[in-house]
Number of protein chains: 2
Amino acid sequence: MTPATRPTSSYAPALGAVDLWTSGTPRAGDMKQLLSDAERSRLATIASLTRFKKGAVIYRAGERADAVFNIVSGVVKAYRPGADSSEHITAFLFPGDVFGLSVEGLYANSTKAITPLTAYQLPVSALQSRLLNDAGLEFRVICKLCHELREAQRHAFLLSQHRALTKVAMFLQMLEQLQAARGEPSAEIYLPMARADIGEYVGMTAAAVSRGFRALAKRGVIMTRDLRHVKIIDRTSFEKLAASYGPS
Amino acid sequence: MTPATRPTSSYAPALGAVDLWTSGTPRAGDMKQLLSDAERSRLATIASLTRFKKGAVIYRAGERADAVFNIVSGVVKAYRPGADSSEHITAFLFPGDVFGLSVEGLYANSTKAITPLTAYQLPVSALQSRLLNDAGLEFRVICKLCHELREAQRHAFLLSQHRALTKVAMFLQMLEQLQAARGEPSAEIYLPMARADIGEYVGMTAAAVSRGFRALAKRGVIMTRDLRHVKIIDRTSFEKLAASYGPS
DNA sequence: CGTGCACTTGACAAAAATCAAATTTTGTGG
DNA sequence: CCACAAAATTTGATTTTTGTCAAGTGCACG
């Protein structure tokens with residue numbers, strides 16, 4: 001990634017999302033920077049850069065929500081702790097993503113860094129007054145929320161599938177698209193999360209996820225270089241397996 | 001419902017959602033009117049009231065999105081048509097809800113009225129300029145979007161459950177809470193949608209949904225007055241079945 | 001009042017969950 | 001750099017559960 005390609009990845013908060021209203025964009029599915037450099041530097045004045053070690057809990061559901069986070073580098077999982085020590089993963093969050101949504105002043109879910117993490121921390125109080133004074137910023141936030149809403153609906157669609165292979169393929173497809181949208185090399189899909197985490201996300205046991213990967217590999221659909229790197233071999237079969245989530 | 005209880009249900013666009021930041025509200029989970037009467041009447045100038053017959057398709061995924069809708073009365077299902085004539089239902093929409101979100105200028109899913117429907121139709125062009133000129137309105141929209149995002153995550157949580165009884169119980173719990181939040185009588189849960197629609201929403205076949213209701217009834221957890229009216233008999237067992245989705 | 005569609009129910013097959021054990025990978029300290 | 005311990009992943013055998021398909025029933029709408 002040359003600086004020219006991603007000029008906004010320097011040190012200031014960033015919001016990534018696909019455009020809401022503009023159609024016929026250069027590359028559909030590409031992510032755009034929603035914030036102008038001016039807006040980003042204005043936000044930077046109320047943000048502080050924070051680091052978390054791999055595995056660190058960033059906040060827990062139910063705690064008072066006094067900060068919102070914006071990922072600079074690393075990956076986060078958002079989850080709801082279940083009664084029986086199991087957890088349902090609601091989302092994986094990548095650079096450019098924002099997390100820390102609250103319900104009635106409390107965090108709606110827990111979050112944990114699954115890789116070393118760097119993120120901006122924005123106090124909600126400051127953010128709130130900033131939002132009320134900047135209509136343009138509000139509009140960008142609306143775009144980002146619509147984006148997340150669609151992602152959540154896509155997640156629900158994935159979960160509604162019954163066949164393990166379909167779910168795994170759709171998960172890989174999602175990761176691939178996110179990776180491409182971020183402008184990272186996409187010859188190979190990188191899986192920052194553990195098999196168990198994938199299972200919690202797609203609604204299967206870790207064992208079933210493992211069998212899913214193996215089955216896809218045996219059929220020659222994918223090739224696993226190692227646990228964290230997968231390559232699509234047979235694109236046709238792959239797309240056929242992944243119940244399409246495109247428009248129409 | 002006395003007019004005093006719901007003064008904002010008169011004829012102007014309305015946005016219902018639970019508060020985002022205020023905690024310790026009178027009744028947690030209650031829905032609030034996000035828009036002031038002034039804002040509502042301002043919106044009314046660009047809105048037109050439309051009626052749809054039961055079963056009517058309001059718009060299809062992929063069509064140009066030139067209007068957003070705000071339900072006055074009736075129920076809508078939003079769905080994605082699947083390849084094999086099946087459809088995944090992403091949401092049921094009730095009075096106060098808004099629908100018509102677009103991706104790159106096109107509707108992201110299809111919608112159909114499942115009861116007779118009355119709704120405001122707001123042209124996006126007018127709405128867009130209105131949004132850009134009214135920071136307060138934008139903020140309310142943000143709140144509404146956060147609300148929908150949480151609903152979508154809750155839907156995903158429901159779908160991640162494996163036992164049919166759990167899914168059915170969670171679905172009933174959701175309907176009950178929505179009904180209560182709207183201020184409707186909640187001694188009995190009203191199901192405006194068909195069993196098949198419930199199945200598409202919770203990720204089971206209509207047959208499995210039917211068995212689910214029967215099993216709950218046989219266990220004495222619920223009582224079905226008729227196909228569309230259910231009453232919770234054994235609240236304790238009911239809550240135990242429905243994997244809790246409360247904070248913490 | 002009849003027809004059609006929605007719902008229910010049954011028998012069977014398919015699929016993944018569960019439980020547990022074997023194996024590989026990762027991280028740590030020498 | 002290697003050895004070891006801990007954690008993660010894979011695999012196998014079994015069980016539970018729901019999907020599937022089809023037939024039967026009943027409600028609702030014209």
Side-chain angles (χ1 to χ4, degrees), chain A residues 53-56 77 82 84-89 112-116 158-171 190-219 222 224-230 241 243, chain B residues 53-56 77 82 84-89 112 114-116 158-171 191-219 222 224-230 241 243:
Chain A
K53 284 182 291 190
K54 171 176 172 174
K77 69 173 174 183
D84 51 339
S85 82
S86 75
E87 50 186 43
H88 166 66
I89 295 185
K112 183 184 285 191
I114 61 177
T115 70
L158 189 165
L159 283 166
S160 78
Q161 302 301 316
H162 295 167
R163 279 186 254 304
L165 289 193
T166 301
K167 285 184 177 179
V168 171
M170 286 180 70
F171 180 75
Y190 171 58
L191 304 122
M193 67 290 290
R195 292 288 184 274
D197 284 339
I198 298 177
E200 294 294 343
Y201 185 79
V202 303
M204 314 183 336
T205 59
V209 173
S210 176
R211 284 187 241 268
F213 275 94
R214 302 239 130 217
L216 287 178
K218 188 150 54 190
R219 292 193 189 187
I222 64 172
T224 60
R225 175 156 72 80
D226 63 44
L227 276 177
R228 309 240 114 83
H229 295 273
V230 173
L241 273 173
Chain B
K53 284 183 291 190
K54 172 175 170 176
K77 69 172 174 183
D84 52 339
S85 82
S86 74
E87 48 186 44
H88 166 66
I89 295 185
K112 182 184 285 191
I114 61 177
T115 70
L158 189 164
L159 284 166
S160 77
Q161 303 300 316
H162 294 164
R163 279 187 252 305
L165 288 193
T166 302
K167 285 184 176 180
V168 171
M170 286 180 70
F171 180 76
L191 303 125
M193 67 291 290
R195 293 287 184 273
D197 285 338
I198 298 177
E200 294 294 343
Y201 185 79
V202 303
M204 314 183 338
T205 58
V209 173
S210 178
R211 284 187 243 268
F213 275 94
R214 301 253 141 200
L216 287 178
K218 188 150 54 192
R219 293 193 189 188
I222 65 172
T224 60
R225 175 157 71 81
D226 62 44
L227 276 179
R228 311 238 110 87
H229 295 272
V230 172
L241 273 172

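Chain letters run A, B, ... following the sequence lines, proteins first, then strands; residues in each count from 1.
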Whole angstrom value for the distance that separates P of C:dT25 from CZ of A:Arg225: 13 Å
Output the rounded distance in Å from NE2 (A:His162) to C1' (C:dA16). 12 Å
Over all strands shown, is B:Lys167 touching base, sugar-phosphate only, or nothing at heavy-atom distances under 4.0 angstrom? nothing
Classify the nucleic acid contact of B:Gly203 as base, sugar-phosphate or nothing, counting any heavy atom under 4.0 Å across all strands shown. sugar-phosphate
Side-chain donor-acceptor pairs of residues 201-214 of chain A under 3.5 Å, sequence neighbours excluded:
from, atom 1, to, atom 2, distance (Å)
A:Thr205, OG1, A:Ala208, N, 3.2

Shortest non-hydrogen contact from B:Glu200 toward B:Ser86: OE2-CB, 4.4 Å
What is the minimum heavy-atom distance between A:Ala194 and A:Arg228, and which atoms define it? CA-NH2, 3.5 Å
Measure the spacing between CG of B:Leu191 and CD1 of B:Ile198 and express it to the nearest 0.5 Å. 5.0 Å
How long is the span from the NE2 atom in A:His162 to the NZ atom in A:Lys167, to the nearest 0.5 Å? 7.5 Å
Partners meeting salt bridge (charged side-chain N to carboxylate O under 4.0 Å, His left out) with A:Lys77 (sequence neighbours left out): A:Glu87, A:Asp197
Apply side-chain contact (heavy atoms from CB on, under 4.5 Å) to A:Arg219 and A:Leu165, showing your working. CA-CA 11 Å; A:Arg219 292 193 189 187; A:Leu165 289 193; 3.4 Å; yes
Could you pull out all residues at least two apart from A:Pro192 that satisfy side chain to side chain contact (heavy atoms under 4.5 Å, CB included)? A:Val75, A:Phe94, A:Thr115, A:Tyr190
Side chains of B:Arg225 and B:Val230: does their closest heavy-atom pair fall under 4.5 Å? no
Atom pairs under 3.5 Å: protein N/O with N/O of nucleotides 3-10 of chain C:
from, atom 1, to, atom 2, distance (Å)
C:dC7, OP1, B:Arg195, N, 3.1
C:dC7, OP1, B:Arg228, NH2, 3.3
C:dC7, OP2, B:Arg195, N, 3.3
C:dT8, OP2, B:Ser210, OG, 2.8
C:dT8, O5', B:Ser210, OG, 3.0
C:dT9, OP1, B:Arg214, NH1, 3.0
C:dT9, OP2, B:Arg214, NE, 2.8
C:dG10, N7, B:Arg211, NH1, 3.1
C:dG10, O6, B:Arg211, NH2, 3.2

So, the side chain of A:Arg163 versus the backbone of A:Leu241: is there a donor-acceptor pair under 3.5 Å, distance only? no
Per the 3.5 Å Watson-Crick/G-U criterion and a run length of at least three, the stems involving DNA chain C are C:1-30 with D:1-30
Provide the start and end nucleotides, 5' to 3', of the part of DNA chain D that has atoms under 4.0 Å from heavy atoms of chain B. D:dT18 to D:dT20
